[in-house]
Amino acid sequence: MEWVAVAGGFVAAAVRAGTPLLWAALGETLTERSGVINLGVEGAMLVGALAGTLGGFAGGPWVGVIAAAGAGGVASLVFAVLAIVARADQIITGTAITLGAVGVTGIVFRRAFGSTGPGLDLETFPSVSVPLLHRIPVLGEGLFHQPALTYLAVLVAGALAWFVFRTRWGLALRAVGESPEAARAAGISVRSVQLVATVVGGVAAGIGGATLVLAQVGTFAEKMTAGRGFIAIAIVVLGRWHPMGVLAAALFFGGASALQFLFQAMGFDVPYQLFLMLPYLLALAALTGVVGKARGPAALGVSSDEG
Amino acid sequence: MNRWMTVRRSIAAVLGGLGLLAIGLVAAGYDPGAAFGALFRGAFGSWYAFSSATLPRSVPLIILGLGFAIAYRSGALNIGGEGQFLVGAIAATWLGGMMGGVPPVLAIPIVLAGSVVAGALWIAIPVLLRLRFGVLEVISTLLLNFVAEALVSLMVQGPLQEAKGIYPQSDPIAVPSRLPIVGGTRLHLGFFLALALIGAAWFLFHRTLLGFRMKAIGLGPKAAHLVGRISVGSLLAVSLLVSGAIAGLAGGVEVTGVTYALFQNLSPGYGFTAIAVALLARGHPLGIVAAGVLFGALEAGAGAMQRDAGIPAVAVYVVQAVTIIIVLLADATLRRRPTPAAAT
């Protein structure tokens with residue numbers, strides 16, 4: 001019965017590690033569907049993580065989540081103003097936003113907590129059990145005994161899929177991402193759609209950062225997102241810009257991060273750095289295998305000239 | 001194009017970055033006067049500060065900035081300079097450890113060549129993925145940065161760890177593989193090597209057909225292909241490989257000229273700062289020297305700022321980010337596309 005506990009622990013760890021990725025990747029899915037690629041999603045996660053920590057200390061985990069959502073939204077608003085309104089290069093603007101987020105969070109974090117850091121007494125989200133289901137062997141612990149933010153992320157994935165493919169607004173969003181000219185001719189304000197999609201995407205990335213702190217690590221550290229935002233971008237490609245595909249891809253990457261736990265539990269002695277590399281290598285492999293077959297929004301990353 | 005306008009805008013961008021940092025510091029409750037005082041003293045306060053803190057820190061920025069610029073002018077974005085720098089440093093540490101008893105005129109070129117090869121091999125993966133599978137080099141080079149960081153960590157706790165086996169760092173490299181130093185300072189040969197590379201790059205872009213073609217595919221790949229009969233794919237591959245090789249060299253120069261050993265956090269984000277350097281210079285070789293020294297001064301001053309005024313050194317990232325953004329905005333508003341069309 002030993003392996004049941006190990007496998008159950010692995011599934012739980014995979015879901016836990018996958019949740020911040022899922023939030024960020026769902027946000028980026030929305031953004032990219034409008035034809036905007038936001039590399040600042042890494043920065044939005046980072047400011048979300050810090051705002052989540054500060055808000056969590058001030059008023060508990062839910063206040064932290066709201067603060068993180070706001071911070072992620074503001075970071076992406078800055079990106080949106082520069083890249084969409086002023087039409088600066090999206091890739092470099094996104095990189096700059098991430099760089100700026102590292103600096104800003106560094107200053108604020110030191111100011112708020114000194115050089116010693118906040119310690120570990122931050123109140124985090126408790127795990128909530130779904131009655132009966134959480135007793136399912138192996139899967140129950142991982143899927144039905146999780147913090148509220150995990151369940152919420154899955155609901156958001158479903159809602160986003162419905163929104164993108166079943167509503168008029170979703171149609172407008174996809175039209176903007178596929179052919180801005182046609183969308184404009186149909187009376188859609190391309191820039192407004194892209195602005196909203198980018199800011200809302202940043203809100204989700206901010207919540208992803210808060211998830212990292214409030215449902216996983218329990219404290220903030222400088223540069224703690226460590227490229228998760230970039231992995232989220234790979235997840236969007238792997239999930240083929242579909243929220244349900246993104247959900248599966250995020251779980252897959254969560255599993256990759258959790259392999260370390262599995263191998264240690266099984267007693268294999270493998271250098272831990274190999275596990276640190278794994279998600280990034282998998283992201284590369286995913287991009288390689290998928291790019292030929294899946295096609296993103298046709299106008300992705302192209303600055304639109306609105307006359 | 002009016003070159004002085006460009007220079008003035010670049011200066012305005014840096015001042016804007018510093019100004020926003022000042023506002024941020026005031027908002028966070030720090031004393032900006034003390035902060036900027038420490039920043040200035042740490043960078044320019046004395047000949048020693050300038051020659052031993054500012055200039056050595058400008059070396060990796062100039063070399064990495066040049067590496068970024070070479071790809072950028074051909075319309076490719078190599079955001080992986082940080083990773084190529086690190087694998088270059090690994091190669092230099094490994095080779096440098098074996099150079100005991102070898103004359104320096106042999107040891108130094110061997111070690112630096114190793115770092116060049118390592119950098120080129122590291123970027124060969126994204127080049128292959130781009131040409132064969134159409135994977136954007138922006139994301140692949142970026143992802144490999146994290147792999148390189150983990151690789152450094154693996155090396156200094158594994159094959160390259162010091163013989164004593166206590167700290168996660170390598171043994172110092174053999175003396176013959178260390179770069180000569182200007183007397184009384186910590187300024188090493190790498191600075192002059194960087195200047196020589198800059199000269200070579202200027203020659204490449206302004207006097208050779210290859211450089212002209214690279215610029216041509218950066219400005220318009222389709223036109224270059226149709227009118228100039230240029231093979232865009234292979235030229236892009238060459239410029240990315242050169243870009244990675246140069247970034248690897250920067251890592252080798254850092255190990256042989258400054259640290260003499262490998263450890264984690266070897267680079268305080270030089271690879272990313274170098275992007276700001278190259279953009280500020282708009283890819284122009286001489287501009288890269290000026291911007292590299294300026295940002296080297298910021299890095300040097302940031303250390304002093306953290307020591308004397310208690311402000312985290314990462315604060316200078318704000319300056320870099322704002323500088324990049326102002327340059328982008330200035331160019332975008334003038335309707336002159338800052339990025340060559342093939343960049344994405």
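Throughout, a chain's letter reflects where its sequence line sits, starting with A, and its residues are numbered from 1.
- For B:F36, the CZ atom counts as densely surrounded, since its 6.0 Å shell holds more than 12 non-hydrogen atoms of other residues, nucleotides or ligands.
- In this structure, the separation between CD1 on B:I311 and CZ on A:R111 is 8.5 Å, given to the nearest 0.5 Å.
- Residue contact with chain B, scored on non-hydrogen atoms closer than 4.5 Å, is absent for A:V108.
- For the pair A:L39 and B:V138, the tightest heavy-atom approach, listed with the atom from each and the gap, is CD1-CG1, 3.8 Å.
- With a threshold of 4.5 angstrom between heavy atoms, B:I139 approaches chain A through side-chain atoms but not through N, CA, C or O.
- Between B:A321 and A:A96, the shortest heavy-atom contact is CB-O, 3.2 Å.
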**Prompt:** What do the steps show when you test B:V152 against A:Q273 for side chain to side chain contact (heavy atoms under 4.5 Å, CB included), and what is the final call?
**Reply:** CA-CA 9 Å; B:V152 169; A:Q273 292 94 347; over 6 Å; no

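- Rounded to the nearest 0.5 Å, atoms CG (B:L142) and CD (A:E42) are 8.0 Å apart.
- Neither the backbone nor the side chain of B:E149 comes within less than 4.5 Å of any heavy atom in chain A.
- Residues B:V318 and A:V102 form no side-chain contact, since every pair of their non-hydrogen atoms from C-beta on lies 4.5 Å or further apart.
- Nearest heavy atom pair, residue A:Y280 against residue B:V147, reads CB-CG2, 3.7 Å.
- Put simply, the side chain of B:L77 reaches to within 4.5 Å of the side chain of A:I92, judged on heavy atoms.
- The candidate with the highest count of non-hydrogen atom pairs below 4.5 Å against chain B, out of A:L82, A:V78, A:I233, is A:L82.
- Taken to the nearest 0.5 Å, the CG atom of B:L143 stands 5.0 Å off from the CG atom of A:L284.
- Expressed to the nearest 0.5 Å, how far CG of B:L144 lies from CE of A:M277 amounts to 10.5 Å.
- In this structure, chain A has a heavy atom under 4.5 Å from the side chain of B:L21, while its backbone stays farther away.
- Taking a 6.0 Å sphere around OH of B:Y167, one finds it holds 12 or fewer heavy atoms contributed by other residues, nucleotides or ligands.
- At a threshold of 4.5 Å between non-hydrogen side-chain atoms, the residues B:F146 and A:P279 do not count as touching.
- The closest side-chain heavy-atom distance from B:I324 to A:L99 is below 4.5 Å.
- Neither the backbone nor the side chain of A:F275 comes within contact range of chain B; no heavy atoms are under 4.5 Å apart.
- The minimum heavy-atom distance between A:I107 and B:P312, with the atom names listed, is CA-CG, 3.7 Å.
- Comparing B:G24, B:A315, B:A27 by heavy-atom pairs within less than 4.5 Å of chain A, the highest count is held by B:A315.
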